[in-house]
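Inspection log for the structure reproduced underneath, given as C-alpha cells.
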Number of protein chains: 2
Amino acid sequence: MRDEDLQEMRQLPLFDGVGAAYVESLLRSAFVQRFPAHVELVHEGDPADFLYVIVQGQVEIYASYRDRETTISVLGPGNSFIIAAVLLDRVYLKSARGLTPTRILMLPAEAVRDGFAEDAHFARALAVDMALAYRGVVKELKNQKLRSSLERLANWLIAEDEKGGSTGKLEIPYDKKVLASRLGMAPEVLSRSIAALIPYKVDIRGRHVQLNDREALLSLARPVPTIDDPAC
Amino acid sequence: MRDEDLQEMRQLPLFDGVGAAYVESLLRSAFVQRFPAHVELVHEGDPADFLYVIVQGQVEIYASYRDRETTISVLGPGNSFIIAAVLLDRVYLKSARGLTPTRILMLPAEAVRDGFAEDAHFARALAVDMALAYRGVVKELKNQKLRSSLERLANWLIAEDEKGGSTGKLEIPYDKKVLASRLGMAPEVLSRSIAALIPYKVDIRGRHVQLNDREALLSLARPVPTIDDPAC
DNA sequence: ATCCAGGCTTGATCAATATCAAGGACGTGA
DNA sequence: TCACGTCCTTGATATTGATCAAGCCTGGAT
C-alpha cells in the first residue's frame, strides 16, 4: 500500500480508538483496490475472505433469490460491510456491487479475526460497527413489515433531508430503480408514489427533490426514532 | 441467586469458552427472574438496562408502529436478546413478552459492557452471539422482501421440520396468529395459505402438522442456504 | 356434560402492489 | 443537432394480501 493510502486508511471510523501501532500492523496485511462501476465485489454464498471498507464511491448491497433481486442498502465512504460473515468465518449472505467506480480497503478475514482476539480496542470497534449494522437491519425489517410503500418513501425523504441538514432540498443519490428496490417496491410503484406525494407539496424532478410542506409530509410519514433515527 | 440457579446459568451458550472465574463474577451482579405469561419484559424505546437470557419459556420479540404490530422472532431457552442495545448503551428497538411463563437471567447492562472490555473470551462470545443474531435478521429481511406469503410459510414448515429431525411430523410451537405475524401476514392469510398447501400433501390440524410429500413442498418452497440454513 | 371465550376459518370485498406494455424524457456521443 | 439508449413514467390489468363480518370449533371452567 502506498504511503498516502496508509495515511487515509488510518482515519477510517473502524480504527477509531485503536492504537496506531496496531492499525499499522493490520494495514500491512491489507490492500486498497480500485473497481470500475457495476462490477460485483462480493457474491452471496461465497466464503468470507475479506472485510471490505469503502474508501471512495457508492456500493450497493443486495441479495437474490430465484429471478428476484432486492437491494438491502447503499453504502458510502467509511462504511464497512460483511463484518459478521468475516467474524464467524462463514459465507456472505449478501452480494455487493459498486454503483460508481470505487476504492475499497480489503482486510484479509483472518487478520480481522486475529485482531479481534489480540487487540481489545479493535475488538470493540468491530463490535460497535457490527452492532450499528445490526440495528440498521432491524430498523429496516420493521420499516418493511410495518409500513406501506408510500409511508416508506415519505420517511425516506424526510430522513434523507435531515441528513442534508433539513433544508427541504435534496438529491436522490442513485438511480430511482435502485431506490425503489431499497424501499422494497417495483420501480413503477415508486413512480406512482412520487406522484401521490404531490398533494403534500413534494416536488421531484429527476433526482432533484424539494419538500415544500414539511409538516404535511411529516403528518403522512409519522417517523419514529426506533425506525428512523440513525442516532438511535 | 440460588446455587442451583448458578449451576444452570454457567451452562448457557453465552458463556461458552469464558473462564469459570469470570462467569462467576458476572453472575454475581445478575439475577434470575420469573415472569408470568403475556407480560412485557422489555419495551421498545426504553434505555437498555439489562441483557436478557432466556432460561425457560418462550419469548416473543415484536415491534409496534401506529396501531400495527409485528413479531420479529420467537426465542427459547439459551437465547439472549437485545445484545446490540446493551453494547451500545442505547434504547431497545424491539419489545419482548413471554408467550409462556418464563425464567429469565438478567445481566445489568453495565456489567456486560465492562465485561466486554475486561474479558476477551466474553467479548468474543458476545460478538459471536451478536453476529449470529445479525445474520438472522438479514435472512429474515431477505425472506420478507424476496418471497410471497405462501413461500414463506412453505419454507418455515421445511425449516421447522428439519429442526425436529426431518420426520415430516411437527408441532407449531405457538398460536397461529403469532406465526402469522412472524411470517409477516394477516392471520386470515395464514389460514388460506395453509389451505393452499393441501395439494402439496401438507396436513395441518390445530397445531399438528404432517408433511406427506417432502419433494412437492420443496419444489414450491425452494429453500436456499443463504436464507434458510440456520447453520449458514 | 354443558357453556363460554378465544382462536381459527371462511366468505366477500377492498386496497396495495406487481406485472406487462407502450410511450416519453433526457443525457451522451457522434 | 440528431440519434440512440437508458431510465423513467403512465396506463391497463392481474395478483397478492388486508380487512370486515360471520360463523365454527375446541379446550377449559363450571
Side-chain angles (χ1 to χ4, degrees), chain A residues 37-38 58 60 64-71 74 97 99-101 143-157 171-198 202-209 220-221, chain B residues 37-38 58 60 64-71 74 97 99-101 143-157 171-198 202-209 220-221:
Chain A
H38 310 302
Q58 263 181 341
E60 178 186 15
S64 312
Y65 175 67
R66 300 206 189 185
D67 58 343
R68 308 159 210 171
E69 185 182 303
T70 191
T71 115
V74 179
R97 70 165 77 94
L99 290 177
T100 63
N143 196 29
Q144 283 295 323
K145 288 184 81 176
L146 292 167
R147 296 217 263 233
S148 70
S149 322
L150 188 61
E151 288 172 329
R152 291 198 296 276
L153 172 59
N155 277 292
W156 184 87
L157 286 169
E171 303 284 304
I172 301 174
Y174 28 78
D175 283 354
K176 285 208 182 108
K177 65 178 175 185
V178 174
L179 177 58
S181 176
R182 229 289 356 231
L183 293 176
M185 60 186 90
E188 295 93 330
V189 176
L190 176 58
S191 269
R192 292 187 175 106
S193 300
I194 286 175
L197 289 180
I198 293 176
V202 175
D203 183 6
I204 304 188
R205 298 168 189 220
R207 292 188 171 189
H208 311 290
V209 182
L220 170 69
Chain B
H38 311 303
Q58 263 182 341
E60 177 186 13
S64 313
Y65 176 69
R66 299 205 190 186
D67 58 344
R68 309 159 208 171
E69 184 181 306
T70 190
T71 115
V74 179
R97 69 165 76 95
L99 290 178
T100 64
N143 196 30
Q144 283 295 324
K145 289 184 79 175
L146 293 167
R147 298 217 261 235
S148 70
S149 320
L150 189 61
E151 288 172 331
R152 291 199 294 277
L153 172 59
N155 277 291
W156 183 87
L157 286 169
E171 302 285 305
I172 302 173
Y174 29 77
D175 283 354
K176 283 205 184 114
K177 65 179 174 185
V178 175
L179 177 58
S181 177
R182 231 274 16 220
L183 293 176
M185 60 186 90
E188 295 94 328
V189 175
L190 175 59
S191 268
R192 293 189 173 103
S193 300
I194 286 175
L197 289 180
I198 294 177
V202 175
D203 183 6
I204 303 188
R205 300 168 187 221
R207 291 187 170 189
H208 311 290
V209 182
L220 170 69

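Treat the numbers as computed from the prediction; the structure is a model and nothing was measured.
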Euclidean distance, atom CD of residue A:Glu151 to atom P of C:dA15 [Å, nearest integer]: 16 Å
Lys/Arg N to Asp/Glu carboxylate O, A:Arg97 vs A:Glu60, below 4.0 Å: yes
Selected nucleotide, minimal atom distance to A:Ala186 side chain, candidates D:dA18, D:dT9, C:dA18: C:dA18
Interatomic distance where CG belongs to A:Leu183 and C1' belongs to C:dA16 [whole Å]: 16 Å
Note, B:Lys176 side chain near B:Ile204 side chain (heavy atom, < 4.5 Å): yes
Spacing of A:Leu179 atom CG relative to D:dT9 atom C1', expressed in whole Å: 15 Å
Atom-pair distance (NZ on B:Lys145; P on C:dA18), nearest Å: 11 Å
Rounded distance in Å - CG (A:Leu146) to P (D:dA18): 12 Å
Residue whose nearest DNA chain C nucleotide is more 5′ - A:Arg147 or B:Ala195: B:Ala195
Donor-acceptor under 3.5 Å (A:Arg182 side chain, A:Val74 main chain): no
Nearest-Å distance for atom pair NZ/P, residues B:Lys177 and C:dC8: 7 Å
B:Ile198 CD1 - C:dT9 C1' separation (whole Å): 12 Å
A:Val202 side chain near A:Ile194 side chain, heavy-atom distance below 4.5 Å: no
Polar side-chain atom of A:Ser193 near backbone of A:Val189 as donor-acceptor pair, under 3.5 Å: yes
Touch class at under 4.0 angstrom, heavy-atom based, for A:Ser149 against every strand present: sugar-phosphate
Note, A:Leu99 side chain near A:Asp175 side chain (heavy atom, < 4.5 Å): no
Note, A:Asn143 side chain near A:Glu151 side chain (heavy atom, < 4.5 Å): no
Spacing between B:Arg68 atom CZ and C:dA15 atom C1', to the nearest angstrom: 13 Å
Check nucleotides 11-14 of chain D for protein N or O atoms closer than 3.5 Å to its own N or O atoms and list the pairs.
unit_1, atom_1, unit_2, atom_2, d
D:dG11, N7, A:Arg192, NH2, 2.3
D:dG11, O6, A:Arg192, NH2, 3.3
D:dA12, N6, A:Arg192, NH2, 3.3

